[in-house]
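Structure first, then comments.
The chain is numbered in sequence order, starting from 1.
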Amino acid sequence: MMANNRGSDRETDPNIRLYNPYQDLNLQVPITNLYKLPTSPEFLFAEESVYQRRSWGENVTFYTGSAYLGGSVSGAAFGLFSALRNFEPGDSLKLKINRILNTSGHTGRSWGNRIGVVGLIYAGMESGVVAATDRDDVWSSVAAGLATGAVCRAARGVRSAAVAGALGGLAAGAVVAGKQVLKRYVPI
């Protein structure tokens, strides 16, 4: 009696009928058509297919994730060198490894969180600028960098916010210009 409860016996047992929700539809479509997926992106609205840019959700995910990853790796490298500098002469190998792991992990997490927040603010600013101007070009990125720098340093005063905004705008412009140069001169 227990043998009838196994999956392979259900399919071969003539007394058990499996439910097929499509049996009354009389579909004459081969099952392989289910696996022929489209190669072009699908859009909910036709207007979305006109734009060749990421949505605001994709922007937030990409910029925040990239910034967090870059900050974490940079922070871990900084933590590694800091731990190597702080070795004491009597430290055992186990203590040295522990110091490296703790310092690298703590510094990596802290840098990743800080720079990830900057990436999040930048993504929001860029999406806002693109939505307001309906243009996705170098100047949108520069404006988003300027606004991000100003917002990140706004608590330290107007002068600090202005300097950070200018540096953010220059950094965003340099990154976008570098990306354009790579697209043009580096074959991929």
Side-chain angles (χ1 to χ4, degrees), residues 29-82 103-188:
V29 178
I31 196 70
T32 58
N33 285 354
L34 291 176
Y35 303 107
K36 292 181 181 175
L37 299 176
T39 57
S40 63
E42 296 180 11
F43 297 98
L44 184 59
F45 302 107
E47 298 86 28
E48 291 177 343
S49 65
V50 174
Y51 299 116
Q52 295 295 320
R53 61 178 177 238
R54 291 189 291 262
S55 69
W56 69 270
E58 292 169 337
N59 260 354
V60 167
T61 304
F62 176 74
Y63 287 126
T64 305
S66 298
Y68 181 82
L69 180 65
S72 295
V73 170
S74 301
F78 184 80
L80 172 71
F81 291 121
S82 175
T103 307
S104 296
H106 176 72
T107 309
R109 280 189 309 275
S110 117
W111 283 31
N113 287 337
R114 289 178 185 165
I115 297 175
V117 167
V118 172
L120 178 67
I121 294 170
Y122 178 80
M125 291 294 179
E126 186 182 46
S127 295
V129 168
V130 168
T133 62
D134 200 32
R135 286 187 355 220
D136 189 15
D137 57 358
V138 175
W139 298 112
S140 299
S141 299
V142 169
L146 186 117
T148 300
V151 165
C152 288
R153 290 294 183 157
R156 295 189 180 190
V158 176
R159 183 176 180 187
S160 181
V163 170
L167 291 175
L170 286 172
V175 168
V176 173
K179 180 180 167 186
Q180 295 298 327
V181 167
L182 284 177
K183 274 185 179 179
R184 176 175 284 181
Y185 297 112
V186 178
I188 293 178

**OP:** Please round to the nearest 0.5 Å and tell me the distance separating atom CG of N59 and atom CE of M125.
**Re:** 13.5 Å
Subject >> Side chains of V175 and S141 in contact at under 4.5 Å (non-hydrogen atoms) >> reply: no
Original post:
From E58 CD over to S127 OG, what is the distance, rounded to the nearest 0.5 angstrom?
Top reply: 10.0 Å
Original post:
Between R109 (side chain) and G105 (backbone), is there a donor-acceptor pair under 3.5 Å?
Top reply: yes
Subject >> Exercise: identify the closest heavy-atom pair between G145 and Y122 >> reply: N-CE1, 3.5 Å
**OP:** State whether a side-chain donor-acceptor pair under 3.5 Å links E126 with S140.
**Re:** no
Original post:
Does T107 reach the main-chain N or O of T103 with its side chain, forming a donor-acceptor pair under 3.5 Å?
Top reply: yes
Original post:
When rounded to the nearest 0.5 angstrom, what distance separates OG in S110 from CD1 in I115?
Top reply: 9.0 Å
**OP:** Quick one: pull up CG in L120 and OG1 in T148 and give me the separation to the nearest 0.5 Å.
**Re:** 9.5 Å
For residues 64-81, run the donor-acceptor check on the side chains, cut-off 3.5 Å, and write out each pair with its distance to 0.1 Å, sequence neighbours left out.
from : atom 1 : to  : atom 2 : distance (Å)
T64  : OG1    : V60 : O      : 2.7
S66  : OG     : F62 : O      : 2.8
S72  : OG     : Y68 : O      : 2.8
S74  : OG     : G70 : O      : 2.9

**OP:** Find the distance between CH2 (W56) and OG1 (T61) and round it off to the nearest 0.5 Å.
**Re:** 8.5 Å
**OP:** Test side chain to side chain contact (heavy atoms under 4.5 Å, CB included) on V117 and N113 and set out the steps.
**Re:** CA-CA 6 Å; V117 167; N113 287 337; 5.7 Å; no
**OP:** Can you see which heavy atom on G173 is nearest to which on V142, and at what distance?
**Re:** CA-CG2, 3.6 Å
Original post:
Which distance, rounded to the nearest 0.5 Å, do you find between the CD of Q180 and the CG of D137?
Top reply: 10.0 Å
